[in-house]
Amino acid sequence: MRPFIHVNCAMSADGKLAGDDRTQVRISSDEDKTRVKTMRKKYDAILVGVGTVIADNPHLTFKDGDYDTNPIRIVLDPHGRTPEDALVLDERAPTVMVTLEDCDVEWDCEEIIRAGKDEIDLDAVLEELADFGIENVLVEGGGRTIASFFRAGLVDRYSVFIGSLVIGGSNAPTPCDGDGWVRESGIKMDLEDCEVLGNGALLTFKPRF
Ligand SMILES: NC(=O)c1ccc[n+]([C@@H]2O[C@H](COP(=O)([O-])OP(=O)(O)OC[C@H]3O[C@@H](n4cnc5c(N)ncnc54)[C@H](OP(=O)(O)O)[C@@H]3O)[C@@H](O)[C@H]2O)c1
C-alpha cells in the first residue's frame, strides 16, 4: 500500500507562499509553528521540492531530534540541482534524493531513487518508499511540488494555515503552482476542520479524487 500523503503549507491572506522573489516570509503564527513541529514528529518522512531547498535551505528536522529519531527527508530534484552543502543533506537525519532515470548526479545521502524519464514518476517513488517501510509522508512544499501531488491524485489530507498578512505579487508562489489544469471544475474537497491558531486560521481538507 502506498504511504498516506499529507500536504501542509502556510499561505498569506492573499494566497501566497513566499515573496515574488521567492524569499521566505514569516506566515505562520507561533501557535502554527508549534503545531508543525509537533506534527513532523508523527510522520515517517518529510518531502519538499528542490525549489524549496534552493530558496530556503531548510533542515527539515525537529530541534531535539537526531539521526535515529528525525523523519527521513525526501527531496524531489529531477535535474540534480541540490548543492552538496544543502542543509537537507547534513548528518541530522537520513535523506532520500529523488531524480530522473537519466540524471547521473550523485549525492552523499542514504538513498537515491531514479524514477521517470521526462518527469518524476510519483507512483513508482511512493511504491519504493513503501518498500522502505515508510507509511506516511508530510509534503511541505513548495507550490510546484504540491501541484504535482494534486495532479497525480495523491493527496489524502491538505492542511493550509492562513496568516494575517498580504504578500502580493503575481509571481509569488502559491500552494498549487506550475502549469494550470482543469479537471471538471477543479479538485473538490471536503472541509474537515477549521481552527483559529493565534492570529490566523488552519483549514484541513480531504480531497475527493
Ligand atoms: N509557506 C510555505 O508553507 C512554504 C513551504 C515550502 C516552500 N515555500 C516557498 O515556496 C517556494 C518554492 O516553491 P517552488 O514551487 O518554486 O519549488 P518546489 O515546489 O519546492 O520545487 C519545484 C521543483 O521541484 C521539482 N519537482 C517538484 N515536483 C516534481 C515532480 N513531481 N516531478 C518532477 N520534478 C518535480 C522541479 O524541479 P526542476 O525545476 O529542476 O524541474 C520543480 O521545479 C519558495 O519561495 C519557498 O520559500 C513556502
Side-chain angles (χ1 to χ4, degrees), residues 2 5-29 32-33 35-37 39-40 46-60 73-83 86-88 96-105 107 112-129 137-155 158-181 197 200-204:
R2 73 158 173 84
I5 304 294
H6 178 176
V7 171
N8 180 75
C9 64
M11 70 178 187
S12 58
D14 58 331
K16 312 294 184 190
L17 292 179
D20 64 357
D21 57 358
R22 289 193 137 57
T23 44
Q24 213 170 5
V25 176
R26 171 142 189 197
I27 298 172
S28 288
S29 60
D32 187 54
K33 276 195 172 305
R35 175 191 69 90
V36 172
K37 280 182 191 158
M39 184 173 60
R40 278 183 175 177
I46 301 177
L47 182 149
V48 295
V50 61
T52 297
V53 170
I54 288 169
D56 302 349
N57 197 16
H59 274 291
L60 302 182
R73 303 172 291 190
I74 303 170
V75 179
L76 298 189
D77 185 359
H79 306 107
R81 298 196 286 130
T82 299
L87 293 177
V88 77
V96 175
M97 296 298 298
V98 180
T99 193
L100 291 174
E101 282 167 21
D102 64 359
C103 172
D104 55 10
V105 175
W107 292 274
I112 301 176
I113 298 177
R114 300 182 200 273
K117 288 199 179 338
D118 302 320
E119 54 184 68
I120 288 174
D121 180 344
L122 287 179
D123 285 305
V125 171
L126 294 185
E127 221 171 275
E128 220 165 307
L129 294 176
V137 178
L138 184 62
V139 175
E140 291 203 351
R144 278 174 281 187
T145 299
I146 294 174
S148 70
F149 277 87
F150 270 112
R151 254 200 310 267
L154 292 171
V155 181
Y158 171 57
S159 55
V160 56
F161 177 81
I162 303 171
S164 295
L165 79 165
V166 166
I167 294 178
S170 48
N171 292 323
T174 74
C176 210
D177 270 344
D179 294 335
W181 82 100
L197 286 178
L202 174 71
L203 304 184
T204 304

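Just so you know, ligand 1 is whichever comes first in the structure, and atom 1 is the first atom listed for that ligand. FYI, side chains are in, hydrogens and waters are out, and symmetry mates aren't considered; it's all heavy atoms of this structure.
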Distance check, rounded to the nearest 0.5 Å: [X] atom [atom1] versus [Y] atom [atom2]?
X: Arg73; Y: Leu60; atom1: CZ; atom2: CG; answer: 7.0 Å
X: Leu87; Y: Thr82; atom1: CG; atom2: OG1; answer: 12.0 Å
X: Asp56; Y: Glu140; atom1: CG; atom2: CD; answer: 10.5 Å
X: Ile120; Y: Leu76; atom1: CD1; atom2: CG; answer: 4.5 Å

Original post:
How about Glu119: does its CD atom have over 12 heavy atoms from other parts shown lying under 6.0 Å from it?
Top reply: no
Original post:
Are more than 12 heavy atoms from other residues, nucleotides or ligands located less than 6.0 Å from atom CG of Asp21?
Top reply: yes
Original post:
Is there a heavy atom of Leu76 sitting under 4.0 angstrom from any atom of ligand 1?
Top reply: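 Per 4.0 Å heavy-atom rule, Leu76 contacts ligand 1.
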Original post:
Has Val48 got any heavy atom lying under 4.0 angstrom from an atom of ligand 1?
Top reply: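 It does not, in that no heavy atom of Val48 comes within the 4.0 Å cut-off of ligand 1.
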I want to know if ligand 1 touches [X] in the polar sense, i.e. an N/O pair below 3.5 angstrom.
X: Gly49; value: yes
X: Thr52; value: yes
X: Arg144; value: yes
X: Ser148; value: yes
X: Arg22; value: yes
X: Cys9; value: no
X: Gly143; value: yes

Subject >> Non-hydrogen atoms of Pro78 and Cys103 that approach each other most closely >> reply: O-CB, 3.6 Å
Subject >> Residues that Arg114 engages under salt bridge (Lys or Arg N to Asp or Glu O under 4.0 Å), provided they are two or more places apart >> reply: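 For Arg114 the salt bridge (Lys or Arg N to Asp or Glu O under 4.0 Å) partners, ignoring immediate neighbours, are Glu106.
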Considering only the protein, which heavy-atom contact is closest to [atom], and what is its distance?
atom: atom 27 (C) of ligand 1; value: Thr145 OG1, 3.1 Å
atom: atom 21 (O) of ligand 1; value: Gly51 N, 3.0 Å
atom: atom 11 (C) of ligand 1; value: Pro173 CG, 3.9 Å
atom: atom 1 (N) of ligand 1; value: Ala10 O, 2.7 Å

Need the ligand 1 atom indices (1-based, order shown) with element for anything under 4.0 Å from a heavy-atom of [X].
X: Leu17; value: 1 (N), 2 (C), 48 (C)
X: Glu140; value: 5 (C), 6 (C)
X: Ala55; value: 44 (C)

Options [options], ranked by nearest heavy atom to [atom], top entry:
atom: atom 25 (C) of ligand 1; options: Ala115, Ala18, Pro78; result: Pro78
atom: atom 39 (O) of ligand 1; options: Arg151, Arg81, His79; result: Arg81
atom: atom 13 (O) of ligand 1; options: Gly142, Cys103, Cys176; result: Gly142

Original post:
With side chains defined as the heavy atoms from C-beta onward, is the minimum distance between Thr145 and Val48 less than 4.5 Å?
Top reply: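 They are not in contact (no side-chain heavy atoms under 4.5 Å apart), so the answer is no.
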Subject >> Mode of Asp56 contact toward ligand 1 - side chain, backbone, both, neither (heavy atoms, under 4.0 Å) >> reply: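 Asp56 to ligand 1: side-chain contact only, backbone stays beyond 4.0 Å.
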Original post:
Judged by atom type as modelled, is there a donor-acceptor pair below 3.5 Å linking the side chain of Arg22 to the main-chain atoms of Ile54?
Top reply: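 No.
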Original post:
Taking the side chain from Thr204 and the backbone from Ser159, do they hold a donor-acceptor pair closer than 3.5 Å?
Top reply: no
Original post:
Is there a donor in the side chain of Thr174 and an acceptor in the side chain of Asp177, or the other way round, less than 3.5 Å apart?
Top reply: yes
